[in-house]
Number of protein chains: 2
Amino acid sequence: MPKRVSAPDYCLIARAMDVLGEQWSMLIVRDTFFGVRHFDDFQKSLGIARNVLATRLARLVDEGILSRRVSEQDRRKVEYRLTQKGRDLFPVIISLSQWGARHLRREGELPAFALVDREAGQPLGPVEVRSSDGRVLTPFDTQIVPASGTTEEIRAVIPPLRKAG
Amino acid sequence: MPKRVSAPDYCLIARAMDVLGEQWSMLIVRDTFFGVRHFDDFQKSLGIARNVLATRLARLVDEGILSRRVSEQDRRKVEYRLTQKGRDLFPVIISLSQWGARHLRREGELPAFALVDREAGQPLGPVEVRSSDGRVLTPFDTQIVPASGTTEEIRAVIPPLRKAG
DNA sequence: CTTGATAAGTTCCGTAATGCAACTCATATC
DNA sequence: GATATGAGTTGCATTACGGAACTTATCAAG
């Protein structure tokens, strides 16, 4: 019975982090995006303890992010794959990786691998937050509102963020 | 001296999760996006233990994601704010929240709050991964390549992902 | 200028999670 | 049959977390 991190009752980010915020979970998902399928490969790729890996994989399967199936060709092997729910984490993984590339790269360091668009063979564009009509938004361009309000009510509720800081 | 989760030496996602994968860190960042500034407010909002909160805030400041300054008006108060590095997590936070909205909402459940575009008062569009020329990409439309290769070399390196599964 | 309240942490300690190595168990290979 | 492989378990030492009480600095009131 794993300890749950927060009170994920109201906020969807909290609820998402309840699963993905467990140590190693996001990196296991990343590995599956990059084609890792098998227990021992995850273990070697991440250097994670085997018991913890077993716990994490079970949870990710339980949450419907990964599927688990025994290989037909070799019934010793178990294959973990992303479900659609798991694949929908694509923007999360890519935006994390792009944030890392912008802010965590040591001076002069070049990445060993890149993810490219298969069609053009080009690097991906930056993942951006947009309005429903396509304008790129910064945090300052957004505000939180009670979800039940109408648009008119909405604009009055929360004072604009100030850029001070 | 906090324990570091993985070997964050090569992969930028691993390095990002070295900070943000610590329990609570992402939720602290989320709170700052939504205007939380003060120690006790984080504590009440998250229900986190005070010692752990102190550790997390110190680490986030140390990593340059949050800034810490003593209030001019009341020198008892300390203000934590997002730095530019922290604000650049916007797409990560929003894509996480959208993933949660798609996959973690209980039946019939409506969110209490929504983030809207300030100008139009409308909900945000979905955060998407795009090619450099703007096409929306799924995981199947991408592949990993050694970063030093040319475009021509690149396309031969890794066999296309199969949609089987 | 003492008293009381507030804000931001710290300290202490019991409980829970992690890391590590060795072990099991089923299946495949020689 | 003997050995190897893959996917986990088990047991135990180490580390991190949760909770409550405590400290320190500052402010506001009388």
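In what follows, chains carry the letters A, B, and so on, assigned in the order in which the sequence lines appear, proteins first and then strands, with residues in each chain numbered from 1.
Atom CG of B:L53 and atom C1' of C:dT11 are 16 Å apart (whole Å). For B:L46 and D:dG18, the CG to C1' distance is 14 Å, given to the nearest whole Å. Atom-to-atom, CD of B:Q23 to C1' of C:dA16 comes out at 10 Å; the value is rounded to the nearest Å. Rounded to whole Å, atom C1' of D:dT24 lies 15 Å from atom CZ of B:R75.
Between A:T142 and B:F90, some side-chain heavy-atom pair lies under the 4.5 Å cut-off.
Close to C:dG19, at under 4.0 Å from its OP1 or OP2, lies a side-chain N or O of A:W24. Residue B:R56 places at least one side-chain N or O closer than 4.0 Å to OP1 or OP2 of D:dC17.
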#### Entry: Under 4.0 Å protein heavy-atom contact, by nucleotide of nucleotides 1-11 of chain D - B base, S sugar-phosphate only
---BBSBBBBB

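For B:R75, the side-chain contact (heavy atoms from CB on, under 4.5 Å) test picks out B:V70, with sequence neighbours left out. For A:R105, there are no salt bridge (Lys or Arg N to Asp or Glu O under 4.0 Å) partners, not counting sequence neighbours. Applying the side-chain contact (heavy atoms from CB on, under 4.5 Å) rule to B:F39 yields the partners B:R50, B:L53, B:A54, B:L57; only residues at least two apart in sequence or on another chain are considered. Applying the side-chain contact (heavy atoms from CB on, under 4.5 Å) rule to A:S97 yields the partners B:I13; only residues at least two apart in sequence or on another chain are considered. Partners of A:E79 according to the side-chain contact (heavy atoms from CB on, under 4.5 Å) rule, which considers only residues two or more places apart in sequence or in another chain, are A:H38, A:R69, A:S71, A:R81.
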